[in-house]
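Read through the structure below, which is laid out as structure tokens, and then see the notes.
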Amino acid sequence: MLVGLQGSGKTTTAAKLALHLKQKGQRPFMVATDVRRPAAIAQLTTLGQQIDIPVYGEGNSPQVIAKGALKRAKEWGAHWVIVDTGGRLHIDEPLMSELSELKKELRPNDVLLVADAMTGQDAVRAAEEFQAKVGLTGLILTKLDGDARGGAALSIRSVTGVPIKFIGTGEKTDSLEPFYPDRLASRILGMGDVLTLIEKAEATMDAKRAQELEEKMRRATFDLEDFLEQLRQVKKMGSLTQWLDMLPGFSSLTRRIPQEAFDDKAMKKVEAIILSMTPRERHMPQIIDGSRRRRIARGSGTTPQDINQLLNQFRQAQKLMKDLSRGRQRGLLSLFR
Amino acid sequence: MIDLWKKTEQGIRRTKDAWLGRMSRLFEGEALEQEAWEELEEALIAADVGLDTTQKLLTQVKEKARRQALTNTSQLRQTLMTEMISILQVDGQRAASTPSGLAVILVVGVNGVGKTTSIAKLAYALRQEGKGVIIAAGDTFRAAAIDQLKVWGQRLGVTVIANRPGADPGAVVFDAITAAKARGADVLIVDTAGRLHTKYHLMEELKKIQRVVTRAEASCQGLLVLDATTGQNGLIQARHFAETVGIDGIFLAKLDGTAKGGIVLAICDQLNIPILYIGTGEGVEDMAPFDAQRFVEVLFS
């Protein structure tokens with residue numbers, strides 16, 4: 001059972017949680033009980049269709065819906081029933097008692113408070129009230145993909161005494177992560193989140209492929225095809241800005257650098273140029289002459305200058321790798337020049 | 001307008017109980033001791049006013065107290081109120097008509113602040129004033145956002161121009177402007193998908209929507225919806241949205257809780273953006289134009 005203030009992200013989180021369980025091989029079932037907000041039930045139904053998980057929302061009161069839902073979920077053989085509730089203020093007595101009635105009806109294993117990471121000092125009071133009037137077993141902190149540090153999490157955790165179970169990190173249904181206290185602590189203190197970065201790298205990089213690349217680099221047979229491959233792997237890890245945010249000391253820096261500097265356009269351009277080359281050209285860039293250059297430029301919607309620039313960069317990278325593999329310290333230094 | 005304020009007062013009173021009630025009590029004694037100043041500072045910070053603005057307020061009050069030799073607590077209280085009002089009184093205008101006759105209000109904000117509900121309230125208020133209103137369903141991303149707006153449109157008898165989910169919001173706005181002009185509407189309110197101010201591509205999308213409006217030679221006013229429960233991040237949000245599309249005013253939503261909304265003092269102080277409206281409930285009538293004098297008075301009463 002998910003509870004919380006209006007706009008904290010309960011409905012989106014319900015879908016994220018359901019998808020998370022489904023990916024673990026479970027059979028989740030979602031219930032929409034928000035009969036007040038216009039189209040709230042339609043919202044969960046739409047999300048359910050997107051992730052192929054059934055949604056129940058028939059009835060004109062939360063309790064009626066809950067009763068029907070439990071019955072339907074049992075028939076369907078659900079492992080988990082995730083109940084979305086309407087957002088409410090912690091001081092709204094009638095709505096708070098509606099919630100505790102609903103809880104009696106559902107007898108849930110977990111009552112999770114969904115809280116916005118951007119929330120201010122008042123979060124404590126709201127959490128306290130939800131704990132006192134409904135009773136909580138855990139928290140989900142949402143919208144952590146912004147620049148909010150999530151310091152309120154500390155207060156909410158301490159006044160309710162219940163653990164933070166998940167964090168929401170994006171608008172898409174797969175943006176839910178288990179909660180790690182040390183990482184949030186680093187974030188609150190502005191120390192970056194290196195662990196998440198490493199995990200992301202591990203998840204996106206194909207270990208075998210990485211080894212092959214390394215081998216090639218060492219033998220200096222690294223060609224433009226490999227270069228493209230590497231580029232794509234890096235791209236899979238998300239935007240450069242996201243990366244930098246996770247690095248210690250960089251979070252304040254990224255805000256000062258103009259966003260254009262991290263434009264993914266440059267990366268797309270490189271990709272377009274390499275894709276406009278023949279396999280032979282990719283393998284032996286030295287054969288690219290004026291006529292080939294013009295053809296590649298036309299094919300990729302760039303200019304011959306762009307292609308020269310890319311080839312220069314590639315040659316430098318290749319030289320660097322050669323130097324590195326021979327163990328020359330100088331090579332490393334030139335990287336930072 | 002007075003009736004609206006009555007309703008609103010209930011909301012603000014609760015805020016007061018939580019926040020300035022505590023501050024009012026501080027002023028009941030004879031002279032403000034050092035301890036009391038510290039408690040005042042704490043109360044302002046706990047209300048999300050933020051460190052910078054709190055310091056500024058206190059320094060100003062202390063300075064005035066010293067210069068005018070104020071020791072009486074009620075005088076100090078009056079001074080603090082005056083300072084708060086002067087911070088909150090930022091010159092601003094509500095949507096003005098242009099030669100083309102159409103004013104466009106671009107409603108923006110992060111996810112879940114209450115944009116759609118606030119739009120319904122605004123449309124209702126404008127209708128009460130006898131204005132012709134049309135709403136553009138520019139949130140084509142969130143599931144059922146268009147349906148939500150359509151339900152409001154039906155309840156209010158306001159036309160909602162929408163496209164299918166996933167459509168280009170710029171195209172929706174273009175269609176809505178065409179429709180608004182054809183029907184001779186006075187105001188077009190554009191709903192947009194909630195977006196975190198840190199998402200570069202989503203902020204760029206807002207710029208595009210704005211370009212569609214300015215090309216159609218309609219005046220474009222940026223209205224930022226801010227959740228009263230937001231903490232210091234609200235200041236950063238306001239700054240980012242102002243840099244992207246220009247913000248002419250703020251709609252402070254969800255002021256009916258115990259949240260202090262103190263962040264608006266920080267925003268007015270540091271960004272000079274006026275608070276235009278306040279939202280205090282889920283009904284369409286739960287909105288009032290912002291009045292700094294009244295706001296502070298109710299807080300202190």
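A note on names: the letters A, B, ... follow the listed sequences, proteins ahead of strands, and every chain is numbered from 1. Just so it is clear, the values below take in all heavy atoms, side chains as well, and ignore hydrogens, waters and symmetry mates.
- Considering all non-hydrogen atoms of both residues, B:Glu282 and A:Gly87 come closest at OE2-O, 4.1 Å.
- In this structure, A:Arg36 and B:Arg155 approach most closely via the heavy-atom pair O-NH2, 4.5 Å.
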**Item:** Steps toward side chain to side chain contact (heavy atoms under 4.5 Å, CB included) verdict (A:Thr12, B:Arg142)
**Value:** CA-CA 9 Å; A:Thr12 309; B:Arg142 204 200 69 200; 5.6 Å; no

**Item:** B:Val110/A:Lys143 under side chain to side chain contact (heavy atoms under 4.5 Å, CB included): CA gap, chis, key distance, verdict
**Value:** CA-CA 10 Å; B:Val110 300; A:Lys143 304 180 206 172; 5.7 Å; no

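- With rounding to the nearest 0.5 angstrom, the CG atom of A:Asp122 is 7.5 Å from the CG atom of B:Asp48.
- The most heavy-atom pairs under 4.5 Å with chain A, out of B:Gly194, B:Gly112, B:Ala253, come from B:Gly112.
- Here B:Thr230 is the residue among B:Thr230, B:Val151, B:Asp147 with the most heavy-atom pairs under 4.5 Å with chain A.
- Taken from CD in A:Glu171 to NZ in B:Lys199, the straight-line distance is 5.5 Å, to the nearest 0.5 Å.
- The distance from the OG1 atom of A:Thr46 to the CD1 atom of B:Ile146 is 10.0 Å, given to the nearest 0.5 Å.
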**Message:** Does B:Thr117 form a side chain to side chain contact (heavy atoms under 4.5 Å, CB included) with A:Arg37? I'd like the steps, not just the answer.
**Reply:** CA-CA 9 Å; B:Thr117 309; A:Arg37 181 164 62 94; 5.7 Å; no

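- For chain A, the nearby part of B:His197 is the side chain; its heavy atoms alone come within less than 4.5 Å.
- To the nearest 0.5 Å, the span separating CZ on A:Arg125 from OG1 on B:Thr229 amounts to 13.0 Å.
- Distance check: B:Asp227 CG to A:Leu5 CG gives 8.0 Å after rounding to the nearest 0.5 Å.
- Chain A forms the most heavy-atom pairs under 4.5 Å with one residue out of B:Gly114, B:Ala144, B:Ala120, and that residue is B:Ala144.
- Between the CG atom of B:Asp256 and the CG atom of A:Leu89 there is a distance of 5.0 Å, given to the nearest 0.5 Å.
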